[in-house]
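The next block holds one structure in the form of structure tokens; read it before the comments.
Numbering of ligands and ligand atoms starts at 1, following listing order. The analysis underlying the following values was restricted to heavy atoms, covering all of them including side chains, and did not include hydrogens, waters or symmetry mates.
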Amino acid sequence: MELLIPTQLAIFSISIILLTRFSSSSSYSSPLSPSNLHPLVVDSALEHLNYTAISEFRLLNRRRILDCPDLNPYLQINVSGDTAIGNEEYLTVNVTGVMVPAKSDWVAMISPSNADVSDCPLNKALYAETGDLSDLPLLCHYPVKAQYVSKDPDYLSCKKEECQEYKDGKCTVTTCGGTLTFHVVNIRTDIEFVLFAGGFATPCVLKKSNSLTFANPKQPLYGHLSSIDSTGTSMRITWVSGDKEPQEVQYADGKSQTSEVSTFSQDNMCSNDLPSPAKDFGWHDPGYIHSAVMTGLHPSTSSSYKYGSDSAGWSEQVQFRTPPAGGSNKLKFLAFGDMGKAPLDDSVEHYIQPGSVSVAKAMSDDVDSGNVDAIFHIGDISYATGFLVEWDFFLHLISPFASRVSYMTAIGNHERDYGGSGSVYKTPDSGGECGVAYETYFPMPIPAKDKPWYSIEQASVHFTVISTEHDWSENSEQYQWMKGDMASVDRSKTPWLVFMGHRPMYTSGSAGGVDQRFLNAVESLLLDNKVDLVLFGHVHNYERTCSVYQNQCTAMPKKDQSGVDTYDHSNYSAPVHVIIGMAGFTLDDFLDEPSDWSLIRISKFGYFRGHATPEELQLEYVNAGTREVEDIFRITR
Ligand SMILES: [Fe+2]
């Protein structure tokens, strides 16, 4: 969905979600496994329940940084241990020597440590396009995350009292303190913690910690897999490192492949007359993105790899599975849209998707169980939206499962859209990334740069993946491609045709989200090519239709012997559309009176599971909190 402007926030509904403690029988030690799951994660998830897309913190960089001269000689902020930081840590930040603890005291994690967090009066208008027209300048560099010191329940009550001066054996000066925990992953650039007074609205700098460095900024991290073709014999592994020298992936007992290295800079971010967040205060150096293709693999087979170099370091050995080759028998896949990420501590950050952690954990457990061949994330990937450090946190979140099976993506508005950048929609939803960050982190088998459409075949399914953010009108390059792609499918080899993109054709979401021009241009292609299943996101809930064309049900599913809705495509009349944007972003409500074509509506965090054989597609909606299947249907032929 588009960014909400602050005036809309008042009517933004607050969703109530039940997030349960995670459980797993997995032996794979992921950052999310219960054995090392920090207790703050659960609290943090609950904290995010009331999150309404734009927090006061997010508006921070439109606030004037006031002078707050503080003559308190005892004030300190430091980090326990104060040594080089590992690849993932929960840092303890201590604020001590406070004379009068205030509710408005807060701590920001800043990176790099030399970033300017003072007043930037000339940046005043930069953020106006996000909808906030406050007449306030920007903080020059955006914090990675922040917390009020009062998150420590002992802070305001001064339970951590210290005596600073004695006279005649009596304490004459006492001060207070607070302790905060920050979840940090290796973002390569050094960090510092800054204590502010004045809340998020009128911040002023009180004290800065020493700068802290990562023990190994070159550490190869966040590996994730994708397919490059439909053979199941080659897989691309993409990872991040602070090292620009080529590294390699070593796999399948003795094979290796050297990485191609890419990156992007502030100059690659797009902007209009005024700099975008990505180009300006949201910029963070992405390091280097390494990518290598493992070849000579066998389809539907488990193997292992590690990536890195002797000088930069190596990843752990990762077990992975190749997808089935196109035309083979069975495929088990997961699909979802609009996941994003959420902090694994008590912090606020620029953009939080409250369901993302529980959904990622549930999918990770599914992958661990060996029941997943491939994953499709159909747009609105990380919601970094111009605050680039958030890509690292997102990659960290998905790495436990995206490193083990093919993780295929489609582009969404929050990766691509920006006025004047060539996107179909002129909203500033990508924050100035304009697809550059997405395309670098998630190289897909696409025809060329900024042409993010492709198809891939796995077992009995042909997946046609389009970009709803690029021109899809008749005679456009993408239209011609999708028409040709779907027409060329050999249905004796891949009997099932699944069409995927980001923005929907049908939704009963109360906020709408359908572009009638898109339906007018593309819907008939779906019918002409007998598309079986259409998956879209963008709207943040789950919804399944009848067989639908031009807003009319052309057929209804019939209950099979076990009561499961079954669509008979031996007598094909139109595709089934399913909205699967329920993977993380604050959920959307439904209209009170949905149309006849809407059969099932669920507004809970979860994901979509598919099981394909040549005879049948079995499809499920899984509630991530309870792990229960809350909708199941079949398509047969
Ligand atoms: Fe979207």
| What is the name of the N/O/S atom in Asp380 that sits closest to the Fe ion (ligand 1)? | OD2
| request: Test Tyr542 against every option in Phe633, Phe605, Phe536, Tyr621 by the ring pair (Phe, Tyr, Trp, His ring centres under 6.0 Å) rule and name the one that passes. | output: Tyr621
| request: Report yes or no: does His538 have an N/O/S atom closer than 2.8 Å to the Fe ion (ligand 1)? | output: yes
| message | Which atom name does His502 have for its N/O/S atom nearest to the Fe ion (ligand 1)? | response | NE2
| field | Residue Asp596 excluded, over 12 heavy atoms near CG under 6.0 Å | value | no
| Does a donor on one side chain sit under 3.5 Å from an acceptor on the other, for Asn551 and Tyr506? | no
| remark: When Cys270, Ser467, Ser430, Ser421 are each screened for side chain to side chain contact (heavy atoms under 4.5 Å, CB included) with Arg416, the one that passes is Ser421
| field | N, O or S atom of Asp429 closer to the Fe ion (ligand 1) than 2.8 Å | value | no
